[in-house]
Amino acid sequence: MRKGILSLTAAAAAMTLGLTACGSESGDTAQNSSAAPAETKAAAAGKVGVILPDSKSSARWETADRKYLEEAFKAAGVAYDIQNAQGDKTQFQTIADQMITNGATVLMIVNLDSGTGKAVLDKAKSQGVATIDYDRLTLNGGASYYVSFDNTKVGTLQGEGLVKCLTEKKADKPIVAELNGSPTDNNATLFKNGYDGVLKPKYDAKEYVKGPDQSVPDWDNAQAGTIFEQMLTEQPKIAGVLAANDGLGNAAITVLKKNNLNGKVPVTGQDATVQGLQNILAGDQCMTVYKAIKKEADAGAKLAIALAQGEKPTASGSVKDTESGADVPAVLLDPQAIFLDNVKDVVADGYVTKDELCTGEFAAKCTEAGIQ
Ligand code: BGC
């Protein structure tokens, strides 16, 4: 009986939701309610709503996360709706409200800040909707699950990467500038903990000199350019830049180019974007951090699909919410540092294609870098 009720509810909700996935057609679902047990499971499946943050702070959200999540939901035959808030916090809440009204039973979010993230999670929970924080932990948000990378490790790799590149350049007492991610993104805090854990001992030992250190609101690449321009004006001898992702790194590289300093001043990054990898091939960027988004999307989708099917999945680990003190069940994946000699790994993994990376002037550089 109960299964039947769930199925009908799912069918009714599927009709109003108008989702794109297979298996969400209301006719099929309704029929399944009286069918064999194996089919009943699919019939009982709810719907997953995913809210991505924007499409400008990193190419990853639209080119990788959306694609891999879609593939996973389609393969499972679970109804889904993926939307992008385009950096607008009000829009973020509106999308969440609409998803809940339209029958989402699982909500997976990449928050724009913890405050609006929490409001959305609270609303979802009050309506019995299961919640997952995807990539960014919503502080004090109380999501049931969290899926991400080990973000402190991402920062450690960036710090170590910068040290490696400065050592190769035989930099003497280099002045290091830090261009941090958004102050409202808990990940940016974790990245900074990671790289400051590497850089601070160098500053303390007077091996490196601490230069300007600033956060970039909303990871806004244009603002990052303005901020770095000011940094370089005030401190023309900046010799290394710890940029928290490829977009911020590219903003710094653009300014360095204007000053004929590109290639001389190592710059870090993150996300293994086509632009970041091309900057590495060109010798303008020291390193990036590759996060296999397919694995992250698969882990997030796996939890979401289980929840949509009424199961209570277990996560492999947990993280501490530093604001509420709660332990949040979590899946944390391992990031990888990428330098010129292993850009080819990112291509081999299928994250970027040779076609998109090795265009024009980069063709010869790709060959040199052993990219097949
Ligand atoms: C993500 C990074 C991304 C940044 C800007 C962070 O929360 O972990 O991969 O570059 O946001 O979108």
Side-chain angles (χ1 to χ4, degrees), residues 151-183 187-216 219 221 223-272 275-290 335-343:
N151 292 307
T152 309
K153 177 148 183 218
V154 170
T156 306
L157 294 177
Q158 292 173 317
E160 290 171 351
L162 188 63
V163 169
K164 178 175 179 291
C165 295
L166 285 168
T167 308
E168 280 166 10
K169 293 208 179 299
K170 300 195 169 48
D172 184 32
K173 297 204 172 43
I175 298 174
V176 173
E178 296 184 27
L179 210 46
N180 312 302
S182 176
N187 285 347
T189 308
L190 300 174
F191 301 147
K192 187 163 173 60
N193 287 345
Y195 50 74
D196 280 351
V198 176
L199 296 174
K200 193 169 177 299
K202 298 266 180 202
Y203 299 143
D204 290 348
K206 311 237 181 305
E207 277 179 61
Y208 288 8
V209 179
K210 185 164 170 56
D213 179 356
Q214 225 176 300
S215 295
V216 179
W219 295 91
N221 292 193
Q223 278 196 60
T226 311
I227 291 172
F228 187 71
E229 192 127 39
Q230 282 164 4
M231 287 180 168
L232 197 62
T233 307
E234 279 160 32
Q235 184 46 272
K237 291 200 173 125
I238 287 172
V241 184
L242 192 311
N245 80 356
D246 285 353
L248 305 188
N250 188 64
I253 289 166
T254 307
V255 176
L256 289 170
K257 276 184 181 158
K258 281 200 260 169
N259 292 275
N260 256 322
L261 288 169
N262 57 310
K264 296 176 190 144
V265 175
V267 178
T268 64
Q270 171 183 188
D271 288 344
Q275 185 181 60
L277 296 171
Q278 288 181 335
N279 281 336
I280 293 178
L281 290 172
D284 293 340
Q285 186 169 327
C286 144
M287 60 89 68
T288 185
V289 178
Y290 172 48
Q336 185 193 354
I338 300 294
F339 298 86
L340 181 58
D341 62 358
N342 62 346
V343 168

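If you read the sequence from its start, that first residue is 1, and numbering goes on from there. Please read all numbers here as calculations on a predicted model, not as lab measurements.
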request  = Check whether any side-chain N or O of Thr268 sits under 3.5 Å from a backbone N or O of Ala243 as a donor-acceptor pair, and report yes or no.
outcome  = yes
message = Please tell me whether Asn193 and Thr152 have a donor and an acceptor in their side chains that are separated by less than 3.5 angstrom.
response = no
task = Using a strict cut-off of less than 4.0 Å between a Lys/Arg side-chain nitrogen and an Asp/Glu carboxylate oxygen, indicate whether Lys164 and Glu160 qualify as a salt bridge.
result = no
query = Can you tell me if Asn151 uses its side chain to pair, donor with acceptor, with the backbone of Val154 under 3.5 Å?
reply = no
key: Atom pair NZ/CG of Lys264 and Asn262 - distance to nearest 0.5 Å   = 7.5 Å
task = Taking the side chain as every heavy atom from C-beta outward, state whether Asn245 and Phe191 have any atom pair closer than 4.5 Å.
result = no
ask   = Under the 3.5 angstrom rule, does the side chain of Asn180 hit a backbone N or O of Gln214 as a donor-acceptor pair?
value = yes
remark   = Nearest heavy-atom approach of Tyr290 to Ala272 is CD1-CB, 3.8 Å
message = Quiz question: by atom type and distance under 3.5 Å, do the side chains of Asn279 and Asn250 form a donor-acceptor pair?
response = yes
ask   = Taking C-beta and beyond as the side chain, do Leu162 and Val198 meet within less than 4.5 Å on heavy atoms?
value = no
remark   = Note: Lys153 and Pro335 closest approach over all heavy atoms is CG-CG, 3.8 Å
query = When rounded to the nearest 0.5 angstrom, what is the spacing between CG in Leu199 and NZ in Lys202?
reply = 9.0 Å
Side chain proximity check, Glu178 to Lys210, heavy atoms < 4.5 angstrom = yes
message = Any heavy-atom pair between the side chains of Val176 and Leu166 that's under 4.5 Å?
response = yes
message = How long is the straight-line distance from CG of Leu232 back to CG of Leu256, given to the nearest 0.5 Å?
response = 6.5 Å
Value rounded to 0.5 Å, distance of NZ in Lys170 from CG in Asp172 = 12.5 Å
key: Donor-acceptor contact present, side-chain Gln270 to main-chain Val289, <3.5 Å   = no
note = Closest non-hydrogen contact found for Val255 with Gly225 is CG2-O, 3.7 Å
ask   = Got Lys237 and Val209 here, is their nearest side-chain heavy-atom distance under 4.5 Å?
value = no
Heavy-atom side-chain contact between Gln275 and Asp246 under 4.5 Å = no
ask   = Going from CD on Gln285 to SG on Cys165, what distance comes out if it is rounded to the nearest 0.5 angstrom?
value = 9.5 Å
ask   = Going through the distances and angles, do Val241 and Val265 end up as a side-chain contact (heavy atoms from CB on, under 4.5 Å)?
value = CA-CA 7 Å; Val241 184; Val265 175; 3.9 Å; yes
request  = Would you indicate whether the side-chain heavy atoms of Leu179 and Met231 approach each other to under 4.5 Å?
outcome  = yes
inquiry  = Nearest 0.5 Å, please: how far is CG in Leu340 from CG in Leu277?
reply    = 10.5 Å
ask   = Which heavy atom in Phe339 sits nearest to a heavy atom in Cys286, and how many Å separate them?
value = CD2-O, 3.5 Å
task = Could you pull out the closest heavy-atom pair between Gly161 and Met287, with the gap in Å?
result = CA-CG, 4.1 Å
key: Smallest separation among heavy atoms of Pro266 and Ala239, with atom names   = CD-O, 3.2 Å
task = Could you check if a side-chain atom of Glu234 sits within less than 4.5 angstrom of a side-chain atom of Pro212, using non-hydrogen atoms only?
result = no
query = Is Asp196 salt-bridged to Lys192, going by a charged N under 4.0 Å from an acidic O?
reply = yes
